[in-house]
Amino acid sequence: MRLDGVLFFPVTPFDPDGALAEPTLARHVAQGVAAGAGGVFTACGTGEFNALGPDEHTRVVSTAVKATAGRVPVFAGAGGPLPTARSLARTAAAEGADGLLLMPPYLVTGPATGLARYVREVAETVDLPVIVYQRGTARFTPEAVAELATQVPNVIGFKDGLGDFDLLQRIILTVRAATDKNFTFFNGLPTAELTVPAYRGLGVNLYSSAVFAFSPEISLAFYKAVTGADEVLTQRLLTEFYLPLVRLRDLVPGYAVSLVKAAVRMRGLDVGGVRAPLVDPSPEHLRTLERLVNTGLEIAGT
């Protein structure tokens, strides 16, 4: 199993009554894989992990695995209270997921030793590869990550959602000094493309692309530009599409998910709205989003 290229984080569709829309999810995932995703991360942040019940989580993972049909790896979100995280890990394994993205524990802030214990206890529940997500209340020390990398065989990666480059550089150097294990780091900031050049400076080339969920054309154009050293196209996409998208995203808490879901609807797939406590974009913000998507598509040459 190898993660490469653009990592796809599908939204979770809901029908008009607010129930999980599995056929729409299957179509969404299949379209993303066909468009060139390097991996599918289902029931994660963009997929409203926080708003899914245990049965819904199982169905989301099962649907994504079937729709992907083994073409690329499928990682399932897990997290929250320790018993819940362990239960979700077991059901993800039973439904055929290839790995887990382990979210931060619920609400509390623990020391790095406690976070490492949390990761260890979830990872030991299953044989699946586990990627640890550093974000919010989950802030790791270099020593804690090195401990997990060297002592827990199925902890194979670290997703950074803090953007603290000093801390991340120390984590990378400490892990690489401690083990020759093929340990993967990737950029997990919201609208990750905006910071891709900075992360690549640390040798972190993988990143999660929420934009891929609604426009593989823009996402792949950026990926090809940045990996092909096309500085002109990279800077144009960053300046004219990603930067104004981030400005719009930052106007309302939760828009990192709400705007993505709205843009998927805008592109022709009715995935419904977001669940509380998130809110759907206002009409004014939807008009701005539509202009931005059209600008991005034009720059991408589609």
Side-chain angles (χ1 to χ4, degrees), residues 3 6-15 18-33 35 37-68 72-80 84-85 87-89 91-92 95-104 106 128 130-131 133 135-136 159 161 186 188-192 207-216 219 249 253-265 267 269-281:
L3 290 171
V6 178
L7 305 181
F8 172 31
F9 284 65
V11 302
T12 298
F14 302 122
D15 66 22
L20 180 63
E22 289 160 275
T24 306
L25 175 60
R27 182 180 172 192
H28 181 45
V29 172
Q31 288 177 340
V33 174
V40 173
F41 284 69
T42 194
C44 294
T46 306
E48 295 180 81
F49 168 82
N50 65 289
L52 300 177
D55 176 65
E56 290 176 321
H57 180 274
T58 300
R59 290 157 55 202
V60 167
V61 175
S62 176
T63 300
V65 168
K66 291 174 183 175
T68 302
V72 296
V74 176
F75 276 68
T84 301
S87 176
L88 295 177
T91 56
E95 296 302 327
D98 298 297
L100 300 175
L101 177 63
L102 186 55
M103 311 283 195
Y106 173 72
L128 294 178
V130 175
I131 293 172
Y133 194 1
R135 185 173 178 178
K159 177 182 179 181
F186 68 95
L189 284 178
T191 322
Y207 59 93
S208 56
S209 177
V211 169
F212 188 93
F214 64 83
S215 181
S219 182
R249 180 202 75 196
Y255 261 20
V257 175
S258 302
L259 290 175
V260 173
K261 208 163 192 182
V264 174
R265 294 194 302 272
R267 297 298 308 280
L269 186 63
D270 187 2
V271 292
V274 293
R275 283 181 173 171
L278 301 183
V279 297
D280 291 310

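Numbers here simply count residues along the sequence, with the first being 1.
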Engineer: Mind checking what makes side chain to side chain contact (heavy atoms under 4.5 Å, CB included) contact with Ala19, not counting sequence neighbours?
Structural biologist: Asp15
Engineer: Under the rule for ring pair (Phe, Tyr, Trp, His ring centres under 6.0 Å), what residues qualify as partners of Phe9, not counting sequence neighbours?
Structural biologist: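 For Phe9, the residues satisfying ring pair (Phe, Tyr, Trp, His ring centres under 6.0 Å) (neighbours in sequence not counted) are Phe41.
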Engineer: Output all residues satisfying ring pair (Phe, Tyr, Trp, His ring centres under 6.0 Å) with Tyr133, sequence neighbours left out; order by chain, then residue number.
Structural biologist: none
Engineer: If the condition is side chain to side chain contact (heavy atoms under 4.5 Å, CB included), which residues does Val33 pass it with, not counting sequence neighbours?
Structural biologist: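 Side chain to side chain contact (heavy atoms under 4.5 Å, CB included) list for Val33, sorted by chain: Val29, Val40, Thr68, Arg71, Val72.
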Engineer: Suppose we screen for side-chain hydrogen bond (donor to acceptor under 3.5 Å, both in side chains). Which residues come up paired with Ser258, at least two apart in sequence or across chains?
Structural biologist: none
Engineer: Apply salt bridge (charged side-chain N to carboxylate O under 4.0 Å, His left out) to Glu95 and list each qualifying residue two or more places apart in sequence or on a separate chain.
Structural biologist: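 By the salt bridge (charged side-chain N to carboxylate O under 4.0 Å, His left out) rule, Glu95 matches no residue at all.
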Engineer: Sequence neighbours left out, what pairs pass salt bridge (Lys or Arg N to Asp or Glu O under 4.0 Å) with at least one residue falling in residues 37-53?
Structural biologist: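 Residue pairs with at least one partner in residues 37-53: Glu48-Lys261.
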Engineer: Residues two or more places apart in sequence or in another chain: which of them pass ring pair (Phe, Tyr, Trp, His ring centres under 6.0 Å) with His28?
Structural biologist: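 With neighbours one apart ignored, the set is Phe8.
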Engineer: Who are the salt bridge (charged side-chain N to carboxylate O under 4.0 Å, His left out) partners of Arg59, not counting sequence neighbours?
Structural biologist: Glu22, Asp55
Engineer: Kindly write out the residues that satisfy side chain to side chain contact (heavy atoms under 4.5 Å, CB included) with Phe49, not counting sequence neighbours, or none if the list is empty.
Structural biologist: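 Partners of Phe49 under the side chain to side chain contact (heavy atoms under 4.5 Å, CB included) test: His57, Leu88, Met103.
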Engineer: Going by the rule salt bridge (charged side-chain N to carboxylate O under 4.0 Å, His left out), which residues pair with Arg27 if we only count those two or more places apart in sequence or in a different chain?
Structural biologist: none
Engineer: For Ala89, enumerate each residue passing the side chain to side chain contact (heavy atoms under 4.5 Å, CB included) test, keeping only those at least two apart in sequence or located in another chain.
Structural biologist: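 With sequence neighbours excluded, Ala89 shows a side chain to side chain contact (heavy atoms under 4.5 Å, CB included) to Leu100, Val122, Val126, given in chain and number order.
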